[in-house]
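Before any comments, here is the structure.
Model, not experiment: these values are computed from the prediction.
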Amino acid sequence: MNFPENLKYTKDHEWIRLEGDVAYMGITDFAQKELGEIVYVDVDTVGDTLNADDAFGSIEAVKTVSDLFTPVAVEVLEVNEALEDAPELVNEDPYGKGWIVKVKVIEPSEVEGLLSAAAYQDLIKQ
């Protein structure tokens, strides 16, 4: 499995990549493998301001649906439109073309409190 060092991770298996006060979020390689074949990504929170741990959408696999949670307070700027026609991008490239939302982070310093790649790897080994 892949755990890029430039990302921060959550216990809910989401990742966030901060670029200034804007960030990209998605699910981890571990999460997409656990879910299986992704068939639909539903995000209807564009334009909304959400608190940490609020659901920003859901992701549907062949056998299950899971909510997606934001790890820090954000304003949802856009959803990855490529996922509308190709939700399998989350399986194929979860940290690249399979990103789910672009957000404005309300307090960028909050991102530092999330898990590092090493800490996330330790979490999923348990």
Inset, instruction - Enter the distance from Asp93:CG to Asp29:CG here, rounded to the nearest 0.5 Å. - result: 9.5 Å
Legend entry - Side chain Asn80, main chain Lys97, donor-acceptor under 3.5 Å: yes
Inset, instruction - Assign the ring pair Tyr120 / Tyr9 to parallel, tilted or perpendicular, where the plane angle (0 to 90°) is split at 30° and 60°. - result: parallel
Inset, instruction - Evaluate the criterion side-chain contact (heavy atoms from CB on, under 4.5 Å) for residue pair Glu112 and Lys8; output intermediate values, then yes/no. - result: CA-CA 8 Å; Glu112 294 307 311; Lys8 290 292 191 170; 3.9 Å; yes
Inset, instruction - Kindly give the heavy-atom pair with the smallest separation between Pro4 and Ala117, and that separation in Å. - result: O-CB, 3.8 Å
Legend entry - Gap between atom CG of Asp67 and atom CG of Asp53 - 0.5 Å precision: 12.5 Å
Inset, instruction - For the pair Tyr95 (side chain) and Leu7 (backbone), establish whether a donor and an acceptor sit closer than 3.5 Å, ignoring hydrogens and angles. - result: no
Inset, instruction - Using the side-chain contact (heavy atoms from CB on, under 4.5 Å) rule, pick out the option among Val74, Leu50, Val46, Asp21 that qualifies with Val103. - result: Val74
Legend entry - Where Ile106 and Glu75 come nearest, the two heavy atoms and their spacing: CD1-N, 4.1 Å
Legend entry - OG1-CD distance between Thr28 and Glu34, expressed to the nearest 0.5 angstrom: 9.0 Å
Inset, instruction - Kindly determine whether Arg17 and Asn6 satisfy side-chain contact (heavy atoms from CB on, under 4.5 Å), including the steps that lead there. - result: CA-CA 7 Å; Arg17 182 179 70 239; Asn6 65 326; 3.8 Å; yes
Inset, instruction - Determine whether more than 12 heavy atoms belonging to other residues, nucleotides or ligands lie under 6.0 Å from atom CD of Glu19. - result: yes
Legend entry - Transitive ILVMFWY side-chain link Tyr40 to Leu89, under 4.5 Å: no
Inset, instruction - Check Lys102 against Val22 and note the closest heavy-atom contact, atom names and distance. - result: CE-CG1, 3.5 Å
Legend entry - Glu88, CD atom: more than 12 neighbouring heavy atoms under 6.0 Å: yes
Inset, instruction - State plainly whether one hydrophobic cluster holds both Tyr24 and Ile59, where clusters connect Ile, Leu, Val, Met, Phe, Trp and Tyr through side-chain heavy atoms under 4.5 angstrom apart. - result: no
Inset, instruction - Consider only side-chain heavy atoms of I, L, V, M, F, W and Y, link residues closer than 4.5 Å, and tell whether Ile38 and Ile100 are in one cluster. - result: yes
Legend entry - Co-membership, hydrophobic cluster, residues Phe3 and Leu35, 4.5 Å side-chain: no
Inset, instruction - For Ile16 and Met25, work out which heavy atoms get closest and say how close. - result: CG1-CG, 3.7 Å
Inset, instruction - Over all heavy atoms of both residues, which pair between Leu123 and Lys11 is shortest? Give the atoms and the distance, please. - result: CD2-CA, 3.7 Å
Inset, instruction - Is it possible for you to say whether Val79 and Leu83 belong to one hydrophobic cluster, with membership spreading through side-chain heavy-atom contacts below 4.5 Å? - result: yes
Inset, instruction - Check for a donor-acceptor pair, side chain of Glu14 on one end and backbone N or O of Phe69 on the other, with a separation under 3.5 Å. - result: yes
Legend entry - Minimum heavy-atom distance Met1-Phe30, with the two atoms named: SD-CA, 3.4 Å
Inset, instruction - Enter the distance from Leu68:CG to Asp54:CG here, rounded to the nearest 0.5 Å. - result: 12.5 Å
Inset, instruction - Compare all side-chain heavy atoms of His13 with those of Ile27 and state whether any distance is below 4.5 angstrom. - result: no
